[in-house]
Amino acid sequence: MSVIEARFSAREGKLTGAVEMIHGAGGRATAELIRTLFRRHLDNPLLAQGNDQAAFPVAAGRMVMTTDAHVIAPLFFPGGDIGSLAVHGTINDVAMAGARPLYLSAAFVLEEGFPLADLDRIVASMAQASGAAGVPIVTGDTKVVEKGKGDGVFITTTGIGIVPDGVEISGDRALPGDMVLLSGSIGDHGIAVLSKRENLTFETEILSDSAALHTLVADMVGAVPGIRVLRDPTRGGLGATLNEIAQQSGVGIHLDEAAIPIKPDVSAACELLGLDPLYIANEGKLIAIAPPEKAQLLLAVMRAHPLARDAAIIGEVKHDPHAFVQMRTRFGGNRMVDWLAGDPLPRIC
Amino acid sequence: MKFVDEFRDEALAKGLAAAIAREANPARRYSIMEFCGGHTHAIFRYGVQDLMPENVGFVHGPGCPVCVLPIGRIDNALELAEEHGVILCSYGDMLRVPASKRRSLLKAKAEGADVRMVYSVDDALRIARDNPGREVLFFAIGFETTTPPTAVALRIARAEGLKNFSVFCNHVLTPAALNHLLTAAAVDVDAFIGPSHVSSVIGSRPYEYFTETFRRPVVIAGFEPLDVMQAALMAIRQLNAGHAEVENQYIRVVTREGNLKARAIVDEVFERRESFEWRGLGAVPDSALTIREAYAAFDAEKRFSIVTRSAPDAKSCECAEILRGAKKPVDCKLFGKGCTPDSPVGSCMVSSEGACAAYWTYGRFRREAA
């Protein structure tokens, strides 16, 4: 019986013990950790080969590849955890090219002393997320750093996918006159995470919106292959993401604040903390920019998908050499929606 | 959202805008100073100026707690973090303000100092309890709004007998700054929009002296955009009628006497300093608080023998004039060139309540359109 199995059976259904330096040394303990923890959850034929890489046939056409490092505190939050987030985030980055995600890889940096039970929970969550999405994790790596040199767990995931013929989606393709669509309410993930920060605990029913958006994207691309831009507004929120697109495409974007969906709880938490929901992170939403004549069709397709029931047209692309994102406020005035300088900070008084 | 959306209603805003346009005398200009950075922020974030007639303008005052702290005091904080090895806790924006040689607490943190951003003074107390072997220092800043929580924290620290907790007190007082603006700085404004959160603590009574002495209306207003517009209308009506009174637009929170309990706690823990340096205003008498002798054990200035040396603002930086309402952010040569929120030179570009940051972040398109 292996050490990890012994720890697993020591308490009914729950691992005890912690990550140790030996788990990252590349010897028997590492192999045991991979076999009894990672592979137990993530099992699939490619991973089971036990190689340092996964080999698979590729289709003709264009592939996309993306990689993402996940660092989050707390590791577990309402509606998700770092594991599911690492899977959803990378699937979404692949999907934002209009691509069908195929495979993921995952690299773990573990801190010595991290509870194995928590690692088990995280890997199980990754398995659940990748299984539900139909995008397996086919290769990976594990390293252990000394106590104090990490923050529990860091996960880097890489994803690859295939872009269907006729689809050409990129952040530099927005044109004046295009419409800007958003798949649902903003700020849910960021507020769910903030609500569990040690120094900021407050009661809320808000769950993270963490979700894999590739099936939504497949429906959208199927109906409107001419979508020009797709982007998931994660860190930096809607505000930062639209600024990225405006800059890449060399256009202005004009938003209508009243059209932007936001849940009352999120709005209330932002008011309380003095934060602007436009800059709060999302993990299950996307922005689409499409030619004006296709906007209503695209909106209807989005609203027919469970992950975009609250989709809305929130603005329009304009000619603007300054590439400013501007917003007509709910109040009737105008303002810029600028890049964020540093992290969003609560007001002082 | 209940109790918020009502104060951002477009139809009401249009009604107020029409009333202001009707009542503002086209033959004159109305220059209204909003003292608080919170008001500046609301004006820009909601585009309030767009709804005002051409001859009604807002002038931004010194009411941003991060902006008014002089460089010398930030130098002190840096010294405490770097040379005394304390765990230095402060509010977020304070960490980014450039001190001498454009150093900041965030830069010190990157170089190894133990600087921590906290959301409240309670967090600093918790850190002190969790780290009994380390000195934990709270870099306290802010107007009358943030002072009561600091006072409560000092009472708790004394009651618990915490040996490793101290406060570097930089709490400043609104009425003294207003007095200075109207006397020494001789600011050219017709009326003031008084602070909301500050007034919820000190009440409206302290402003009566100003309206009587300087004959300028003061309208205390909440931070919502409709509050600001209604306050502007009230100020215009007073000016048209030749009145100069304290009016309270923010009756849902502010009373004439303020929060007596909070004031009593502050009085128990703090006393007035004879003088305190403000960025932009210089030395202002009776304008700040220091920790009373009874709490001296928790006073970082005594514990670490802090000596504050006055340090000049960065060359060409016009934060001082902007904080006095003498210049607008766009009048500064550095605005948007050497000084942006990503690379600030002066404090007004750092704080989310700073006038330069508000102009840059929310209003830049106006400049480009002009």
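Every chain is numbered from 1, with letters handed out A, B, ... down the list of sequences.
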* **A/Arg235 CZ: over 12 foreign heavy atoms closer than 6.0 Å** => no
Closest non-hydrogen atom pair, [X] against [Y]:
X        : Y        : value
B/Met229 : A/Phe331 : SD-CZ, 3.4 Å
A/Met336 : B/Thr361 : CB-O, 3.3 Å
A/Asn334 : B/Asp50  : N-OD2, 2.8 Å
B/Asp342 : A/Leu340 : OD1-O, 4.2 Å

* B/Phe44/A/Arg335 under side chain to side chain contact (heavy atoms under 4.5 Å, CB included): CA gap, chis, key distance, verdict -> CA-CA 7 Å; B/Phe44 278 89; A/Arg335 61 170 267 204; over 6 Å; no
* To do: Could you please spell out the steps behind the side chain to side chain contact (heavy atoms under 4.5 Å, CB included) verdict for B/Tyr362 and A/Asp338?
  => CA-CA 7 Å; B/Tyr362 296 125; A/Asp338 202 8; over 6 Å; no
* **Check against side chain to side chain contact (heavy atoms under 4.5 Å, CB included), A/Arg328 and B/Glu10** => CA-CA 11 Å; A/Arg328 185 181 189 280; B/Glu10 185 173 359; 2.6 Å; yes
* Asked: What is the distance from atom CZ of B/Phe365 to atom CE of A/Met327, rounded to the nearest 0.5 Å?
  -> 10.5 Å
* Structure fact -> Whatever's closer than 4.5 Å to a heavy atom in chain A on B/Leu226 counts as both
* Asked: Given that the side chain runs from C-beta out, which part of B/Tyr46 has a heavy atom under 4.5 Å from chain A: side chain, backbone, both or neither?
  ->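 For B/Tyr46, the contact with chain A is made by backbone and side chain together.
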* Under-4.0 Å salt bridge between A/Glu257 and B/Arg45 ->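 The answer is no: the pair does not qualify as a salt bridge.
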* Any idea which of B/Leu51, B/Asp122, B/Thr340, B/Leu106 has the most non-hydrogen atom pairs under 4.5 angstrom with chain A? -> B/Leu51
